[in-house]
Amino acid sequence: MNRAARRLIVVQGPTGVGKTAAGVVLARHYGVPVLSADSRQLYREMAVGTAVPTVAERQGVPHYFIQNKSIREPFTAGDYEREALALLDTELFPESPTVLLVGGSGLYVNALLEGFDDLPESDPALRAELCSTPLSELLSELERLDPEYYEAVDRQNPQRVLRAVEVCRLSGRPYSALRSGAVKRRNFTPVKIGLDLPREELYRRIDRRVDEMVAAGLVAEAEGLYPQRHLSALQTVGYRELFDHFDGSCSLVEAVERIKRNSRRYAKRQLTWLRRDPQIRWFAPGDTEGMIAYIDGNL
């Protein structure tokens with residue numbers, strides 16, 4: 001196959017906007033597989049709280065990186081880059097010149113499209129130590145070890161803070177000094193689509209989805225994971241708030257409201273990140289006809 005003809009359709013957008021549904025429509029239209037770039041849907045133990053595609057949605061559409069890892073397996077954006085590239089090169093593109101990437105994690109999407117710097121591999125013992133360290137202490141350590149990155153990092157994202165501290169300790173150098181920002185060459189061309197809604201409508205959808213998760217068993221799922229709450233994979237919206245409830249620091253009603261609030265804030269940060277990319281063409285999540293017309297013009 002002419003590698004220049006390979007296309008990766010990239011569907012991105014904030015949490016709760018409807019990426020999964022739009023992705024399924026596009027995948028069925030083009031008869032192509034879906035590669036997930038959601039950093040939480042890949043864990044088997046977190047089905048309800050991560051809104052994994054349903055069995056009906058996956059019917060007839062091969063999905064990859066959906067519930068294929070355990071929360072006990074350390075997995076980074078660098079790991080995702082290596083595994084996803086290998087899968088594309090050896091299995092997916094040889095079967096289809098077009099593949100669909102549905103992205104929930106901007107870090108994972110960027111790692112696949114642009115590459116990740118060659119940073120020290122995670123050390124299991126150090127990772128376990130850092131996972132049991134409160135976020136406030138990690139932030140203090142990061143401020144001391146790498147004040148430049150401390151000013152830039154999302155301080156509400158424990159995964160990124162933890163990884164930065166880990167790299168500082170393993171390398172003996174500031175994390176910011178090891179991040180080149182150089183874009184690596186890929187043997188495919190991305191076609192980027194962004195999904196968005198008016199802010200109030202998006203927030204209503206997020207609130208409704210949280211209520212649906214609770215009705216589907218989110219509290220029981222989080223309670224079952226509570227003994228492992230120190231694991232990095234569980235340091236995420238939807239679980240942290242319920243863990244606080246189990247600790248007795250807030251009521252269940254308060255925990256659910258915090259999940260909604262933090263999900264809305266996360267969606268706002270995602271949009272801020274995505275709006276910086278001029279290559280993204282924006283659509284309403286239901287405008288799949290418009291998406292198809294745009295994609296057809298770029299294949």
Side-chain angles (χ1 to χ4, degrees), residues 13-21 23-24 34-58 63-77 79-80 83-84 101-109 111 122 124 127-128 130-132 135 154 156-163 205-247 252 255-256 258-267 269-270:
T15 185
V17 76
K19 297 185 294 294
T20 296
V24 167
V34 172
L35 187 66
S36 172
D38 190 296
S39 63
R40 291 297 179 262
Q41 288 185 353
L42 59 85
Y43 293 115
R44 289 187 291 270
E45 300 89 344
M46 300 166 64
V48 179
T50 62
V52 298
T54 65
V55 173
E57 287 172 325
R58 283 183 269 179
H63 280 69
Y64 298 87
F65 288 98
I66 294 290
Q67 294 189 291
N68 69 322
K69 302 289 181 182
S70 170
I71 58 174
R72 290 175 290 278
E73 300 176 49
F75 194 77
T76 67
D79 295 326
Y80 178 79
E83 292 191 17
L101 178 74
V102 178
S105 169
L107 192 63
Y108 275 34
V109 173
S122 180
R127 174 58 64 101
L130 295 176
C131 284
S132 63
L135 178 59
D154 177 1
Q156 299 302 312
N157 189 320
Q159 181 79 355
R160 293 187 189 173
V161 174
L162 186 153
R163 178 57 177 157
R205 286 186 65 149
I206 289 172
D207 289 350
R208 184 169 62 249
R209 188 169 79 155
V210 172
D211 288 334
E212 291 169 352
M213 287 178 176
V214 172
L218 175 60
V219 178
E221 180 177 84
E223 192 169 16
L225 295 170
Y226 179 68
Q228 303 172 83
R229 62 174 302 181
H230 63 282
L231 294 176
S232 176
L234 294 172
Q235 308 305 309
T236 189
V237 175
Y239 295 92
R240 288 199 311 257
E241 297 84 356
L242 288 172
F243 294 157
D244 289 341
H245 163 61
F246 300 146
D247 283 338
L252 178 57
V256 172
R258 290 179 187 180
I259 294 173
K260 293 177 179 179
R261 179 197 65 195
N262 292 338
S263 296
R264 295 192 297 266
R265 290 176 176 175
Y266 179 48
R269 291 197 301 271
Q270 286 177 304

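Numbers here simply count residues along the sequence, with the first being 1.
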Undergrad: So how far is it from D211 CG to K260 NZ, rounded to the nearest 0.5 Å?
TA: 3.5 Å
Undergrad: Measure the shortest side-chain to side-chain distance between S263 and R209 over non-hydrogen atoms and say whether it is less than 4.5 angstrom.
TA: no
Undergrad: Decide yes or no for E73 and R44: does some side-chain heavy atom of the first lie under 4.5 Å from some side-chain heavy atom of the second?
TA: yes
Undergrad: Can you check salt bridge (charged side-chain N to carboxylate O under 4.0 Å, His left out) on R229 and D247, steps first, answer last?
TA: CA-CA 11 Å; R229 62 174 302 181; D247 283 338; 2.3 Å; yes
Undergrad: To the nearest 0.5 Å, how far apart are OG1 in T236 and OH in Y266?
TA: 7.0 Å
Undergrad: State the CZ-CG distance between F243 and L234, to the nearest 0.5 angstrom.
TA: 4.5 Å
Undergrad: Answer whether the closest heavy-atom distance between the side chains of Y43 and L231 falls below 4.5 Å.
TA: no
Undergrad: Taking all heavy atoms of V219 and all of F246, pick out the closest pair and write down the distance.
TA: O-CZ, 3.7 Å
Undergrad: Specify the closest pair of heavy atoms between A111 and A77, including all atoms of both residues, with the distance to one decimal.
TA: CB-O, 3.8 Å
Undergrad: Q67 and A47: which non-hydrogen atoms are nearest, and at how many Å?
TA: NE2-CB, 3.4 Å
Undergrad: Ignoring hydrogens and geometry, is there a side-chain-to-backbone donor-acceptor pair from D79 to T76 under 3.5 Å?
TA: yes
Undergrad: Test your reading of the model: is there a side-chain donor-acceptor pair from Q41 to the backbone of I66, 3.5 Å cut-off?
TA: no
Undergrad: Give a yes-or-no answer on whether the side chains of E221 and Y239 include a donor-acceptor pair shorter than 3.5 Å.
TA: yes
Undergrad: Is any side-chain heavy atom of L242 closer than 4.5 Å to a side-chain heavy atom of I259?
TA: yes
Undergrad: Ignoring hydrogens, what is the shortest heavy-atom contact between A37 and V109? Give both atom names and the distance.
TA: CB-CG2, 3.8 Å
Undergrad: In the structure I gave you, are the side-chain heavy atoms of L162 and Q235 within less than 4.5 Å of one another anywhere?
TA: no
Undergrad: Any idea which heavy atoms bring A267 and I206 closest together, and the distance?
TA: CB-CD1, 3.7 Å
Undergrad: If I take atom CD from residue E212 and atom CG from residue L218, how far apart are they, to the nearest 0.5 angstrom?
TA: 12.5 Å
Undergrad: In Å and rounded to the nearest 0.5 Å, what is the CZ to CG distance from F65 to L42?
TA: 8.0 Å
Undergrad: With no hydrogens and no angle check, is any side-chain donor or acceptor of Q270 less than 3.5 Å from a backbone partner on T15?
TA: yes
Undergrad: Are side-chain heavy atoms of R205 and V17 found at a separation under 4.5 Å?
TA: no
Undergrad: When you compare the side chain of Q228 with that of R72, does any pair of heavy atoms fall below 4.5 Å?
TA: yes
Undergrad: Looking at R58 and P53, would you say the former's side chain and the latter's main chain have a donor-acceptor pair under 3.5 Å?
TA: yes
Undergrad: So, for S36 and Y80, which heavy atoms are closest and what is the spacing to 0.1 Å?
TA: O-OH, 2.8 Å
Undergrad: Donor-acceptor pair, distance only, cut-off 3.5 Å: does the side chain of E45 make one with the backbone of I71?
TA: yes
Undergrad: Does some side-chain heavy atom of K69 sit less than 4.5 Å from a side-chain heavy atom of E83?
TA: yes
Undergrad: Checking the side chain of K19 only, and the main-chain atoms of V102 only, is there a donor and an acceptor separated by less than 3.5 Å?
TA: no
Undergrad: Please identify which of these residues, V34, L101, L35, meets the side chain to side chain contact (heavy atoms under 4.5 Å, CB included) condition with Y64.
TA: L35
